[in-house]
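No hydrogens, no waters, no symmetry mates; every other heavy atom, side chains included, goes into these values.
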Amino acid sequence: MTGQPLLSVRDLAVEFGHGAATSRPVDGVGFEVGEREIVGIVGESGCGKSLTLLALLGLLPAGGRVVNGAITFAGRDLRGADQSVLRSLRGRQVALIPSDAGAALNPVARVGKQLRLSLRTHHPELNAQQRRGRALDALRRARLARPEQALAAYPHELSGGMQQRSAIALGLQNEPQLLLADEPTTALDVSIQAEILKLLVQLRDELGTAIVFVTHDISTVREICDRVVVMYAGQVVEQGDADEVLAAPRHPYTAALLGSVPPLGGVPPEQLETVSGMPPDPAAWPGGCRFQARCRHFTELGEPDECTSTWPGSADGLALSAACHFPLDDSPLEEVRR
Amino acid sequence: MTEPLLSIDRVSHEFGARRALLPGRRGHLAVDDVSLTIGAGESLALVGESGSGKTTLGRVVAKLLTPTGGTVQVDGRDVGGLRGRELLAYRRTVQMIFQNTQHAFNPRRKIRDILADPYEIHRLPAPDGRDAALGELMERVGLRASMLDRYPHQFSGGQRQRIGVARALSLGPRLIVADEPVSALDVSVQAQVLNLFSRLRRELGLSLLFISHDLRAVYFLCERIAVLYQGRLVEVAPRERLLEHPLHPYSRRLIAAVPGLGGRDSAEVSTADAPAAAPAAGGPATAAGCHYAATCPLHVQLGRPDRCLTERPALRATAGGSAVACHFAGDESPAPVPSVVTEEVR
């Protein structure tokens with residue numbers, strides 16, 4: 001990455017609740033997104049990946065608040081920004097594509113009306129005809145087969161894939177610089193999923209939109225992402241070039257995630273690799289490395305003290321490699337195995 | 001060849017079939033003349049996109065739906081006319097697992113009561129006391145007997161799916177119909193549940209009809225894969241064969257769509273070039289001809305032959321062990337993916 005990144009997140013922390021009931025589902029997350037870059041955020045349910053996205057937009061659910069960290073977008077500080085600034089940014093410069101488009105679209109308004117409403121908000125200078133034209137263009141860009149019909153349709157009249165495309169059209173019609181896509185394909189069939197992924201890459205290529213792509217499925221990351229951020233228990237455990245990380249993961253958690261993807265081809269193994277146990281509770285994060293209780297290598301290495309006493313990551317959360325005391329390619333693990 | 005455990009013979013299911021007798025109304029033909037068999041201990045996958053009829057076919061096998069055409073046989077006996085005692089016996093042989101674990105259980109009942117239901121219904125006093133049987137069931141699926149007094153919401157999605165498996169296992173079935181049992185789960189939890197299925201198959205010699213749109217899960221669990229498109233069976237083949245030499249153009253498209261298979265570059269062989277398939281509501285437009293012709297790249301490549309539009313392709317066996325329902329697909333056509341696709345993602 002050269003120059004200033006488009007989006008920079010440093011040491012972001014989000015809290016819910018008060019007093020003894022405080023939980024911190026996002027705890028020290030840091031990453032950067034460059035212009036025209038597609039960055040994947042991967043992790044299990046509850047790892048804080050979706051909350052991280054919402055925090056960027058100032059859209060945390062009730063009771064949630066950003067308690068630490070810095071968010072800079074195109075040189076502007078977003079964390080300290082008030083709602084009016086965020087409102088002018090959301091939908092225009094930064095857009096969100098939700099995971100369940102069926103639920104995100106208004107069921108009692110035609111798709112066209114929803115598209116036009118967002119245009120009226122952000123581009124009051126356009127007249128009705130121009131708004132219609134722009135909306136149609138957006139649907140076309142989202143590769144909807146019959147955009148005119150989609151404009152006049154209610155969301156329930158569209159298939160899941162078409163709903164998702166409409167939501168993407170809604171996100172990109174104002175030509176945002178940054179698209180935040182929260183599991184945009186999980187509710188969809190594999191073949192439609194592939195089309196949506198391809199569409200995201202095309203949009204980046206045509207419009208130069210940077211994309212943050214949140215998913216629990218690490219195999220989709222390889223398909224579209226330039227860089228990958230792996231989250232576990234509210235923290236970033238590994239990040240780097242997507243191809244490199246997927247080819248040679250350094251954090252045991254990343255390796256375990258990859259191992260749990262069933263291989264295609266050859267004779268399938270009797271058992272897939274799994275991570276045993278459950279992620280820790282955000283209301284009571286354990287000290288040291290949060291993955292340690294589920295980490296196979298922790299046991300294999302003879303339960304070293306540093307794993308339970310010190311967090312292996314960097315202070316600003318911007319771990320540029322793996323947040324592990326014994327990252328995979330230079331750990332003594334291989335010797336242990338022999 | 002030994003007698004298959006399950007044989008599905010020319011099964012069709014039309015929703016709203018009765019209504020369709022009225023002039024100007026049509027039912028929805030969800031499953032259209034499908035024949036398949038599953039041997040004892042064998043595991044067969046049904047794959048296809050939403051609306052392909054895979055769930056309907058699963059429900060027909062589990063006898064939750066009565067097919068409007070064709071027969072389902074278990075051990076050579078037609079299950080269509082089963083009533084009373086015989087039907088109960090059938091239910092002990094074939095059990096179903098559902099996709100949505102939040103809706104599959106009564107939220108107001110404890111797991112103990114949920115799992116005891118099958119014993120009650122079938123008046124089976126478990127031989128050494130019900131408690132012991134329930135505890136054993138829980139352990140069999142990787143849960144603890146002490147969890148029996150919890151309610152469904154106190155479990156995670158993966159744990160609830162294990163309870164679904166436990167309920168299905170309670171009567172000692174020989175065939176389990178699993179309808180998208182892992183699609184709602186996180187990838188890491190998915191692996192745990194897939195491992196459970198794999199272990200149970202080995203330990204209990206279960207047959208499995210595994211319904212999924214996830215080719216990776218399917219490849220892991222099932223020796224044979226059947227591809228459905230708009231209610232019709234378009235190809236059935238051993239898993240390696242289907243992956244390396246898919247014959248039907250639709251199977252090829254399905255395989256090219258698997259994420260992470262060939263890396264980013266392979267997105268080019270992906271799907272979006274074909275017009276987004278928009279299956280007509282209320283069922284396919286014509287009974288004649290091939291359903292896939294409208295979106296089929298091979299059809300275009302061959303100069304849109306009439307035969308595709310007028311004659312329904314029958315399922316025919318090929319030399320490689322596949323059966324394909326396409327007039328023109330043959331072994332000689334090149335595979336869309338490199339033949340060495342072993343564990344590209346790792």
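Most heavy-atom pairs under 4.5 Å with chain A: of the set B:Val47, B:Val189, B:Asp186, this distinction falls to B:Asp186. Ranked by heavy-atom pairs shorter than 4.5 Å toward chain A, the options B:Ser198, B:Ser188, B:Gly51 are led by B:Ser188. Of the listed residues A:Glu44, A:Gln193, A:Glu270, the one with more heavy-atom pairs under 4.5 angstrom with chain B than any other is A:Glu270.
Ring centroids of B:Tyr292 and B:His299 are separated by 6.0 Å or more, keeping the two rings apart.
Neither the backbone nor the side chain of B:Leu242 has a heavy atom closer than 4.5 Å to any heavy atom of chain A. Only the backbone of B:Asp214 comes within contact range of chain A, with at least one heavy atom under 4.5 Å from a heavy atom of that chain. Using a 4.5 Å cut-off between heavy atoms, A:Ser159 does not touch chain B at all. Residue B:Arg239 touches chain A through its side chain alone, counting heavy-atom pairs closer than 4.5 Å.
At a threshold of 4.0 Å, the pair A:Glu195-A:Arg165 counts as salt-bridged, since one of the basic side-chain nitrogens sits closer than that to a carboxylate oxygen. The residues A:Arg146 and A:Glu157 are annotated as not salt-bridged, no charged nitrogen and carboxylate oxygen being separated by less than 4.0 angstrom. Look at B:Glu42 and B:Arg224 and you find a salt bridge, because one of the NZ, NE, NH1 or NH2 atoms lies within 4.0 Å of a carboxylate O, short of that distance.
A:Glu183 and A:His216 are linked by a side-chain donor-acceptor pair at a separation below 3.5 angstrom, with hydrogens and angles left out of the test.
Geometric assessment of A:Arg290 against the ring of A:Tyr232 yields a negative cation-pi assignment under the 6.0 Å and 45° thresholds.
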